[in-house]
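Down below is the structure, laid out as structure tokens.
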Amino acid sequence: MFGKKKQQRQVLIDMADKQKRYEALVNVYHKELYRFAYWLAGDPTVAEYLVQETFLRAWRSLDSLLDQQAAKAWLITILRRENARRFERKQFDYSDVEQDTLCDTQTLDMEQNAERSQLQKRIMQLDEEYREPLLLQVVMGFSGDEIASILSLNKNTVMTRLFRARNQLKDNLQPSLQRGINNG
Amino acid sequence: MDELELRRRLYADPNTSDKDVLNALESDPDAHAFSKELKSLDNDIEHALNIPVPENLAERLVLNQSLHAFQTQRKKTRIHLALAASVAFLFGVSFTYLNMGAPLNLEQHALAHVYHEPSSLTNVNHNFSLQEVNAKLASFGGNFSELPNQVSYLTFCDFKGQKSLHLVFQTEQGPMTLFIVPSKNQYRTESYFSDEAFDGATYQGHKANLILLGEKGQALSPYNDKLQNSLQWRI
């Protein structure tokens, strides 16, 4: 009887411990994950849904996460799978939404603002195969090797895609920047 | 490292800490300027990607998890309760069936009862009167018009949960045991059974089962007939 009580208390302690770990995980990574999901899906509602599903799944298998270092890659893997599942279920078409929902509430002067939203559009127009490694590098801060392992590509391919992503952004941006300067 | 490779590497990661790249940058002012330009682009990209996160997202994520955990917890207890109920139900049903199966094993039970109480057969000094026997039998609604022999043992017994009357007659061939077990039978049947030491006969009557047990070789049927003739039931 006493043993059982002790066991129950241990279970409660374990649960509280798990809860703590979960909350820590949420606090540390939810912003990065949300941004990643936002730029991957191009929609704030979908992004929030993805992040919620990701953390729910993470909670269920939190015990299997032994290495805190691996947490970020682990969460990204769950989120990417969740995103892929979304397309298995139903093919959403967010091509119109992408352009409209790009938001920027930070106060900047008009020109900077225009420049930024221009860049945001360009980023969203990148093919996913270029956009995703760029997001993993810039938003999530993964190294080339880590990106390669997350996307199951070899490192050279990843580096090439990163190169092309930036190259496209730069090329696309140049004329509009030029025009902006001329008009100004 | 040629220029193309350098540019490729810078494009792939403007903030690279690769030593080859850094060395090449130091010795080449053009490449250095290009690197700066790319870094500024990357800075822009980073700012562009840095969209605001919805307020209270973290709190909502924690809440969502708590609600979910609570729901699954409730589902689990519901399953446990259902399981417990099913087990209890099965237990009840099987118990009922086991009890209902009792009459099928009257013979076995009668034999076991006699083996359990050998003193009932050896104690021959008592002689119960017809009135005493009928007084007990009356609780079942029965009545003997006469007793075939001396009754040396008379008591109520538990016969598989059923109150029954246990009698021992002293006959010329030795003690003979009779169980009267009240029971409502649709059919009247007679059957015989035996083991190494005893012969037995059961008679399923209208109001009761009569089980007669005698030592091996005793002629049971005359007593069986006598008893059935003298035993009457009030409706």
*Interatomic spacing from CD1 in Ile51(B) to CZ in Arg35(A) - rounded to 0.5 Å*: 6.0 Å

*chain B heavy atoms under 4.5 Å from Arg60(A): which part of the residue, side chain, backbone, both or neither?*
side chain

*Distance from Gln65(B) atom CD to Leu25(A) atom CG, nearest 0.5 Å?*
11.0 Å

_I want to check something: taking the side chain as every heavy atom from C-beta on, are His47(B) and Leu119(A) in contact at a cut-off of under 4.5 Å?_
no

*Atom group of Thr160(A) that falls short of 4.5 Å from chain B, counting heavy atoms*: both

*Greater than 12 external heavy atoms within 6.0 Å of Lys19(B)'s NZ*: no

*Within a radius of less than 6.0 Å around NZ of Lys136(B), do more than 12 heavy atoms belonging to other residues, nucleotides or ligands occur?*
yes

*Measure the CG-NZ distance between Leu38(B) and Lys170(A) for me, rounded to the nearest 0.5 Å.*
6.0 Å

*For Tyr34(A) against Pro52(B), the heavy-atom pair lying closest together*: CE2-O, 3.8 Å

_Selection from Val158(A), Leu162(A), Asn27(A) maximising heavy-atom pairs under 4.5 Å formed with chain B_ = Leu162(A)

_At a 4.5 Å cut-off on heavy atoms, which part of Thr16(B) comes close to chain A: side chain, backbone, both, or neither?_
neither

_Lys18(A), NZ atom: more than 12 neighbouring heavy atoms under 6.0 Å_ = yes

_Over 12 non-hydrogen atoms of neighbours within 6.0 angstrom of CD in Glu129(A)_ = yes

_Which atom of Leu61(B) lies closest to which atom of Tyr22(A), heavy atoms considered_ = O-OH, 3.3 Å

*Under a 4.5 Å heavy-atom cut-off, does chain B meet the side chain of Val51(A), its backbone, both or neither?*
both

*Take atom CZ of Arg161(A) as the centre, draw a 6.0 Å sphere, and report whether it contains more than 12 heavy atoms from other residues, nucleotides or ligands.*
yes

*Can you measure from CG (Asn64(B)) to CD (Glu48(A)) and round to the nearest 0.5 angstrom?*
9.5 Å

*CZ of Phe55(A) to CG of Leu57(B): how many Å apart, nearest 0.5 Å?*
8.0 Å

*Using a cut-off of under 4.5 Å for heavy-atom pairs, which of Glu46(B), His68(B), Glu59(B) has the most such pairs with chain A?*
His68(B)

*Measuring from Leu63(B):CG to Gln52(A):CD, what's the distance to the nearest 0.5 Å?*
9.0 Å

*asked:* Checking the side chain of Trp39(A) only, and the main-chain atoms of Leu49(B) only, is there a donor and an acceptor separated by less than 3.5 Å?
replied: yes

_Contacting moiety of Glu32(A), where chain B heavy atoms sit under 4.5 Å_ = neither

*asked:* Within 45 degrees of the ring normal and closer than 6.0 Å to the centroid, is that where the cationic atom of Arg8(B) sits relative to Phe163(A)?
replied: yes

_Shortest non-hydrogen contact from Ile123(A) toward Ala48(B)_ = CD1-CB, 4.1 Å

*So which bits of residues 132-142 of chain A come within less than 4.5 Å of chain B, counting non-hydrogen atoms only?*
Leu134(A), Leu135(A), Gln137(A), Val138(A), Val139(A)

*What are the two closest heavy atoms between Gln19(A) and Val62(B), and how far apart are they?*
NE2-CG1, 4.0 Å

